[in-house]
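All chains are named by letter (A, B, ...) in the order of the sequence lines, taking the proteins before the strands, and each is independently numbered beginning at 1.
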Protein chains: 2
Amino acid sequence: MTTESPSQANGATGRRRELLAIAAELFADKGFKNTTVRDIADAAGILSGSLYHHFDSKESMVDEILSSFQAELFAAYDEVLRSDDDARTKIERAVRLSFEAIDRHRHEVAIFQNEADFLGQQERFAYLAERNAQSRDVWITLLEDGLRSGALRADLDVELTYRFIRDTVWVAVRWYRPGGKLTHTDVADQYLTILLDGIAHA
Amino acid sequence: MTTESPSQANGATGRRRELLAIAAELFADKGFKNTTVRDIADAAGILSGSLYHHFDSKESMVDEILSSFQAELFAAYDEVLRSDDDARTKIERAVRLSFEAIDRHRHEVAIFQNEADFLGQQERFAYLAERNAQSRDVWITLLEDGLRSGALRADLDVELTYRFIRDTVWVAVRWYRPGGKLTHTDVADQYLTILLDGIAHA
DNA sequence: TGCCCAACCAAGCAATTGCTTGGTACTGTA
DNA sequence: TACAGTACCAAGCAATTGCTTGGTTGGGCA
């Protein structure tokens, strides 16, 4: 069915990685559906048909991009969850970790942000919805721990707070640029200041 | 050029409004590029070619949807700016006004959120970038007034604070559902609490 | 009764889309 | 030197796309 040899079916080839990186940038900039296989091939300096030597389909490209990124991201979340830091520190770490992910994998984050809803309708991408639920579990756990320990104010709506944090953190991928004036740490510092203590004068 | 009679060229026809509402829902759900004229026509119960009796092109549909919404939204911003409320009240009003816009025009907001970057590249949609700059001006003004008056803490990065607020408010369109358990006022209340005073226990 | 006109249909065209097929150039290995 | 395997090209197909064209329907008005 596939033209890959067994030894390379895991995508370890250098050329595969290159092509996936090129595709990821285009998917992030123009959207998955709005990026053609000819766009990708042009950017790679080959003909569109040649892409099918490396990949089964355009879908399998975005699949590989998203699933490998998600695996890495959730490994990081798990480490925070399992640490013995106090509740507030865990929340801080989870926020910093997310901005760092934007810094290191902006294309992947952007694709997930823009295409998850649409792709998630297909069975092949059902794991996207699962990962979303998993992410929610992480945050709800962290926030409820914060409430219990007294680190967070008691009148918070945990579900809404989770949504606000998630939205603000991940949508930053739209404007954050690695190598720009602000580092991901700068952004995380400022956001944590506002999130924890508010913008109003004390 | 167009098949419209002079008396209906402004889009006041009932049928035009219906078709635009149908198109707006589809554009919001599936994306502009990913919605075909046949999708729109099917949802309206007509054939795709019949759409061109009402509109010049698919682009002119999304143009009409976005430009009329933007006009309404910025009229509301202007009213807040020109009021003689204090800085903190103005910020609160601007936030509430935005959640209310999501409640009343979710399709339009969603389209603007998802397609502005892509559409804005075309000259026809240059006004989207202008509106964006205009919105930034409004918020930067409000925040700087807040700093000057002492309502806001002095160590804020105004530009970053603006981005956090803008992102959190508008991305709520992804999960807020009119008629659901939470009203737009509930959401605004909770967000303003967090934004102004933070989530940490005092 | 005759006419107008908004609203729509039926059919199809040209461009673009994802993908397929059969073949070629080059490289490393036995 | 023969062979295997990677990476690619050249050409094109079937489906889908936005949009066009010429014609039909039915209600309102003089």
Side-chain angles (χ1 to χ4, degrees), chain A residues 1-24 26-27 29-65 111 115 118-119 122 124-125, chain B residues 1-24 26-27 29-65 111 115 118-119 122 124-125:
Chain A
M1 236 0 99
T2 171
T3 52
E4 291 158 22
S5 77
S7 70
Q8 318 239 342
N10 55 4
T13 327
R15 190 52 171 157
R16 264 182 87 93
R17 280 191 195 285
E18 279 177 32
L19 294 172
L20 281 179
I22 289 168
L26 289 167
F27 290 157
D29 285 350
K30 321 191 350 171
F32 173 70
K33 182 87 184 200
N34 198 27
T35 300
T36 70
V37 293
R38 284 172 180 80
D39 289 336
I40 302 170
D42 284 353
I46 59 178
L47 291 186
S48 66
S50 305
L51 285 174
Y52 291 83
H53 169 71
H54 301 275
F55 306 99
D56 285 345
S57 65
K58 186 180 150 186
E59 265 184 12
S60 75
M61 294 188 214
V62 78
D63 193 346
E64 198 164 325
I65 290 166
I111 296 169
E115 319 288 345
F118 173 65
L119 291 176
Q122 302 170 246
R124 169 172 203 167
F125 294 98
Chain B
M1 231 7 94
T2 171
T3 52
E4 292 159 20
S5 79
S7 69
Q8 317 238 342
N10 55 3
T13 327
R15 190 52 171 155
R16 263 183 87 93
R17 281 192 193 285
E18 280 177 32
L19 293 174
L20 282 179
I22 290 168
L26 289 168
F27 290 156
D29 286 350
K30 321 191 348 170
F32 173 71
K33 182 85 184 201
N34 198 28
T35 300
T36 71
V37 292
R38 284 171 180 81
D39 289 336
I40 302 170
D42 283 352
I46 60 178
L47 290 185
S48 66
S50 304
L51 285 174
Y52 292 83
H53 170 71
H54 302 276
F55 306 98
D56 285 345
S57 64
K58 185 180 151 188
E59 266 184 11
S60 76
M61 294 189 214
V62 77
D63 192 347
E64 198 165 327
I65 290 167
I111 295 168
E115 320 288 344
F118 173 65
L119 291 175
Q122 302 170 246
R124 169 171 203 168
F125 294 97

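Remark: A:F125 pairs with no residue by the ring pair (Phe, Tyr, Trp, His ring centres under 6.0 Å) rule, at least two apart or across chains. Taking B:A43 as the reference, B:I22, B:L26 meet the side-chain contact (heavy atoms from CB on, under 4.5 Å) condition, with sequence neighbours excluded. A:F118 is linked by a ring pair (Phe, Tyr, Trp, His ring centres under 6.0 Å) to nothing, counting only residues two or more places apart in sequence or in another chain.
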* Using a cut-off of 4.0 Å between protein heavy atoms and nucleotide atoms, how would you tag nucleotides 21-26 of chain C 5' to 3' with B, S and -? -> ------
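Within the structure, every pair that satisfies the salt bridge (Lys or Arg N to Asp or Glu O under 4.0 Å) test and touches residues 30-43 of chain B, not counting sequence neighbours, is listed here: B:K30-B:D39.
Here the P atom of nucleotide D:dC8 and the CZ atom of A:F55 are 11 Å apart, to the nearest Å. Between the CG atom of A:L47 and the P atom of C:dT20 there is a distance of 16 Å, rounded to whole Å. Nucleotide D:dT17 holds its P atom 17 Å from the CD atom of B:E59, rounded to whole Å. Atom pair A:L51:CG and D:dA10:P shows a separation of 15 Å (rounding to whole Å applied). In this structure, B:L26 atom CG and D:dT17 atom P are separated by 13 Å, rounded to whole Å. Taking atom NE2 on B:H54 and atom P on C:dA6, their separation rounds to 11 Å, with Å as the unit. Summarising the geometry, the separation between NZ on A:K58 and C1' on C:dT17 is reported as 8 Å, rounded to the nearest angstrom. Here the P atom of nucleotide C:dT17 and the NZ atom of A:K33 are 11 Å apart, to the nearest Å.
Nearest heavy-atom pair, A:L47 versus A:A41, reported as atom, atom and distance to 0.1 Å: C-CB, 3.5 Å. Scanning all heavy atoms of the two residues, the minimum distance from B:S60 to B:F55 falls at OG-CB, 3.7 Å.
Side-chain contact between B:L51 and B:I46 is present, with at least one heavy-atom pair separated by less than 4.5 Å.
Near-neighbour residues of DNA chain D inside residues 36-44 of chain B, defined by a heavy atom below 4.0 Å, number-ordered: B:T36, B:V37, B:R38.
Among the heavy atoms of the strands lying under 4.0 Å from B:S57 are primed sugar atoms or P, OP1, OP2 only; no base atom is included. Among the atoms of the strands shown, only primed sugar atoms or phosphate atoms (P, OP1, OP2) are found under 4.0 Å from some heavy atom of A:I46.
Between D:dA7 and A:R16, no contact under 4.0 Å exists linking OP1 or OP2 to a side-chain N or O. The phosphate of C:dA7 has OP1 or OP2 within less than 4.0 Å of a side-chain N or O from B:H53.
Each of B:R15, B:M61, B:H54 was compared with B:L20 under the side-chain contact (heavy atoms from CB on, under 4.5 Å) criterion, and only B:M61 meets it.
Counting only distance, with no hydrogens or angles, the side chain of A:T35 and the backbone of A:G31 share a donor-acceptor pair below 3.5 Å.
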